Protein chains: 4
Amino acid sequence: MSSTYGKIFKISTFGESHGRAVGVVIDGCPAGVKFDSEFIQNELDRRKPGQSRITTQRKEADSFEVLSGVFEDFTTGTPIALVIFNEDQRSKDYGHIADKFRPSHADFTYHVKYGVRDYRGGGRSSARETAARVAAGAVAKLVLKSLGVEIYSYVSQVGEMTLEKKYQDLDLNLIDSNAVRCPDAEMADKMFNYIDEVRKQGDSIGGIITGVLKNVPAGWGEPVFDRLHAELGKSMLSINAVKGFEYGSGFEGVKMRGSAHNDDFFIDENGVVKTKTNNSGGIQGGISNGEDIYFKVAFKPVATIMKDQDSVNEAGEKVTVSGKGRHDPCVLPRAVPIVDAMSALVLVDFMLRARTNK
Amino acid sequence: MSSTYGKIFKISTFGESHGRAVGVVIDGCPAGVKFDSEFIQNELDRRKPGQSRITTQRKEADSFEVLSGVFEDFTTGTPIALVIFNEDQRSKDYGHIADKFRPSHADFTYHVKYGVRDYRGGGRSSARETAARVAAGAVAKLVLKSLGVEIYSYVSQVGEMTLEKKYQDLDLNLIDSNAVRCPDAEMADKMFNYIDEVRKQGDSIGGIITGVLKNVPAGWGEPVFDRLHAELGKSMLSINAVKGFEYGSGFEGVKMRGSAHNDDFFIDENGVVKTKTNNSGGIQGGISNGEDIYFKVAFKPVATIMKDQDSVNEAGEKVTVSGKGRHDPCVLPRAVPIVDAMSALVLVDFMLRARTNK
Amino acid sequence: MSSTYGKIFKISTFGESHGRAVGVVIDGCPAGVKFDSEFIQNELDRRKPGQSRITTQRKEADSFEVLSGVFEDFTTGTPIALVIFNEDQRSKDYGHIADKFRPSHADFTYHVKYGVRDYRGGGRSSARETAARVAAGAVAKLVLKSLGVEIYSYVSQVGEMTLEKKYQDLDLNLIDSNAVRCPDAEMADKMFNYIDEVRKQGDSIGGIITGVLKNVPAGWGEPVFDRLHAELGKSMLSINAVKGFEYGSGFEGVKMRGSAHNDDFFIDENGVVKTKTNNSGGIQGGISNGEDIYFKVAFKPVATIMKDQDSVNEAGEKVTVSGKGRHDPCVLPRAVPIVDAMSALVLVDFMLRARTNK
Amino acid sequence: MSSTYGKIFKISTFGESHGRAVGVVIDGCPAGVKFDSEFIQNELDRRKPGQSRITTQRKEADSFEVLSGVFEDFTTGTPIALVIFNEDQRSKDYGHIADKFRPSHADFTYHVKYGVRDYRGGGRSSARETAARVAAGAVAKLVLKSLGVEIYSYVSQVGEMTLEKKYQDLDLNLIDSNAVRCPDAEMADKMFNYIDEVRKQGDSIGGIITGVLKNVPAGWGEPVFDRLHAELGKSMLSINAVKGFEYGSGFEGVKMRGSAHNDDFFIDENGVVKTKTNNSGGIQGGISNGEDIYFKVAFKPVATIMKDQDSVNEAGEKVTVSGKGRHDPCVLPRAVPIVDAMSALVLVDFMLRARTNK
């Protein structure tokens, strides 16, 4: 009851970290969308492991296959099933933690909830699941692209290391120009070295990803519960390791007076209603107003570390969990395409819902 | 398509600020719950206007009526309809802004989305809609109470004025002991005066509400998209004026190393699996682990201020929006019961969903 | 979890037979629809009790009130709440059956399912609930009318008395010209007398309603599970006392050969693709093809009769259930507007869904 | 938006007749269910083509693979993905109808709705899609089996050839003892020869399947819209070629008087509430009452025949559609496991929903 997302562009993901495959079924994709396989594979490549020495060394090509819903390179309106078969399933790496609860992982909560669990690599709770989201998100991006919607996200903070520049002052086309996915080359270098240091210590570190959605037409998002930012928030918080979300003026905005925070309207040279400032983050009353949408997503340091930790096992005994296997010292570089994907999934659903408003 | 919330304990709210009534239909409330009308009215009273001089002076008793679903003081399992008829509908107050877009309100976005809108007091986009949520949340609280679940929230920051004490160091039973709903009397006093000052200036100010959920059993929440914290985040972000949400270590946690952030497990004297620290905020892998759940919600300064502002109207002309009518200089004191209500609605739905897991 | 219907044009009904009110919240009605109150009241009048001596003599004006979602006579896109307060609640009529299970009613199953139940007049299981559907269906009809869609249904059989004429050979504008709602005056007379005879005996009788949907554009309905006829079937089977549904060639069609049953295509004088025959009933692959949609709905004789019957009570004792109060000897005349309403609710939802297909 | 079914035990099917694969993702299957692969394959074998000379000769092993959700032979509560790769995809058979609308198929309606379509073998509109339902239904059956619920269906009519015996007078264990799936050997023989005759003529014939659900506990099903029989009806009507559904006394029951139709209650020797008759078909007020549930499903003669037919093409030209390829002269023998599967999917969802009622 939990691996489906979306009301109209509805996705259903499946797959365990060390099972046969991960994948997704998209039900509700409009017909007639050019299905650009290369683009989708490229998005998956941005998320795949082993991209540089600061990401996990698990070897997965993450090549996807289309099982349905596409005919002669166009979507047909029927369910699109995309599958990525797992290759590097070194399950034996996990025998030593089969009945142990790794600290700050989902082992204990899955055990309580379900009684049984696939302990290999965290099973369903592994971030490997997000490959399916990236595949689905790439299809959503294809739909949105035709409307001119642009989706960006980048690493703006690692640990205490913060990129002070605003998104307006960055060249967002440089995001993928380095392994960290920070569009400021100098800062990216520093972050890389920092993460590499943390990696050598067998530890992990958190950070922040900033998202920017451009050219979203006014009128997307729904009032009351399904506000655009509420769905964005939910979708980001559904990504592994995320602990916080803010948009527009965010947590800092609470300190402002209304008279300073309010975004006055004006008519621009093209007769379009615009706002002078954008503390609203492009969303008012839960509905896009045509300005840039921007937000921040906080990622904790991931739980997998190469150190010994105290814990307990299923039998209720005290045990030591030893750090073994492969890990990401900082998930943020690989999380950038996931943030993109979730943004796209949120937007495409609201795009379709908006067609039914009047 | 937007005023419904919940998968099993499903609510559907309705009503405009200056329409006939606001209300809610709850479909999926379990049968056999003692329906404590006094408790529900008390929750509504915590949200109603006119509680002190730092809240809007609109006069509404906010008395609710039960139209269905309750028989001889018990819920019957059939839909529960609760209605609050509007009393103080001084609609004429709004004639002067009928075709104007108030800055940072939803006037413009509703106009684009729907073409028509009830401009009186913001119509559906008014926070008056939250009265229905509080009524529904109170019913949810009644269901949860029988399981010992405790729900608290309080004002922990107003503008730059921050309560530094952690929730563990506060007596949460004192939340309602003052008009601000901050359980620290001294800080509450300061906040009150601060807000009153802002009020006199005809301005508004933001702040933060901290939420604490105690005795939530391990195993609530779903993996992947409907994580407990993702639904909490969505539900909080769906409240008017909210700009951010974090739980557990939140945005600050991104600076930590995994070795420091991880919550080691141990077995307590009763044989229960506990964690030594609680950076996870009571949720691991999207599922409650039995520890306290805690989170923060950021509210912007509300848009209604008693000052002249530049704007445009439906005809695309430059206009001045004058501050008139009544307003809340700081919504946080009245938002506390709304945060409680949304917490309860999230929890009760996951409680019921958990019954289907194995 | 059961009183909501629709994916986009979503309704949530509430109310018990002898509670305070019945009503409905419509979430997802497009904005800008002219809200014709008179038309809605007229639809309710077609369903209300006491229309003639062959319907129950319960006195209910069934006047509806609009609580939200309508502004200056147009829908605003926000939830529309419609309420009908109950007037004639002679609850004391039901004291004698408070703990008894009336044969072929829902008393026993509600008791097992919920533990508690509002026994007065069947509570939620009463057909009084359908007043809310008729109100919602009337709004749906208003939306569909602007597209030229026409919705008809009429009584085509009472007991063994069958109207042999096909719908094509009837003047469907005569449906409301008599108390039975059979457009053939002669047959209507016979049916009236038959029902009246049954009424005098304190008994009840079943029958069939035929539905005809004209001018439904090709392309409505979804493949696989949510086929147009599957939703029509579900919606009709959700009406009290319905035992069967068929469309197009229906149960009789099973006897035909494919070569005779297939509807050959041709191009008519306007260049429109049409079928020579219409055994498909206007639906192919679950999707409308532009031809007339027609179907039959079977109603059992209602369970309330004015005779003594053997039964048991909650304590497991043998009891006699005596016929008292008021009853409909044949529900079909009053069920016609309900069939109309459900047809409209199904169609309007598919109309809106179709906007997201390509 | 149309290939998902269920509220809690939620399935999402995918796949085209001549695409790469058909399959299903089940989200919401309880954890801890023994996953009996042999049983599931056996259910698929009951549906697969080529079982006898009266079914299509397309060659498909219909072997399924498990991609996720099962660990060490038990379900884990996470999504179960099942895939059946297509083998015999003689797509070239379909070139001649690429732009033609076959009479009474979904070619025309898909064309209108989506603009593009996979014409090979009907693409998504092919009954091949039901293989995925049978796989999902088999998992549902495994869940239900542990509660003792028994699901049967059988062919009770082919063309005008009707099995007059009631289900109570048949040995339902003999259903699979012949190619027709009629538990009466003599009648099965006659039906076989009849269908074979129709096959030789290149024609097709319809029929009726009777379903019987035993040991369904009282209390399953929901009031109002999601009545047990309404969902059964919808699910059956969603099967290719189905034109009608009735349960209990059905269409014949409309002729009865209430006094004869009502099912009087009594207490049996074990203190259980039972009914003396069962015109209600085991369902009252939309909720199971513990008696046998029984129903009938009408199937039209399938549209694919080996004869020339008049039609039109996408260009609006008059064309002839020639019968080629392989076809089922009568789908009923292969539809029996599909009816079983849909019954199981309906029941398992209500089983889980019932856990949230009180």
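All chains are named by letter (A, B, ...) in the order of the sequence lines, taking the proteins before the strands, and each is independently numbered beginning at 1. These numbers were taken from a predicted model, which means no experiment stands behind them.
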- Message: Ignoring hydrogens, what is the shortest heavy-atom contact between B/Arg355 and D/Lys358? Give both atom names and the distance.
- Response: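 Taking every non-hydrogen atom into account, NH1-O, 3.1 Å.
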- Item | Non-hydrogen atoms of B/Thr356 and D/Leu352 that approach each other most closely |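 Heavy atoms of B/Thr356 and D/Leu352 come nearest at CG2-O, 3.6 Å.
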- Query: Less than 4.5 Å apart, any side-chain heavy atom of B/Ile8 and any of D/Ile8?
  - Reply: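 Yes - at least one pair of side-chain heavy atoms lies under 4.5 Å apart.
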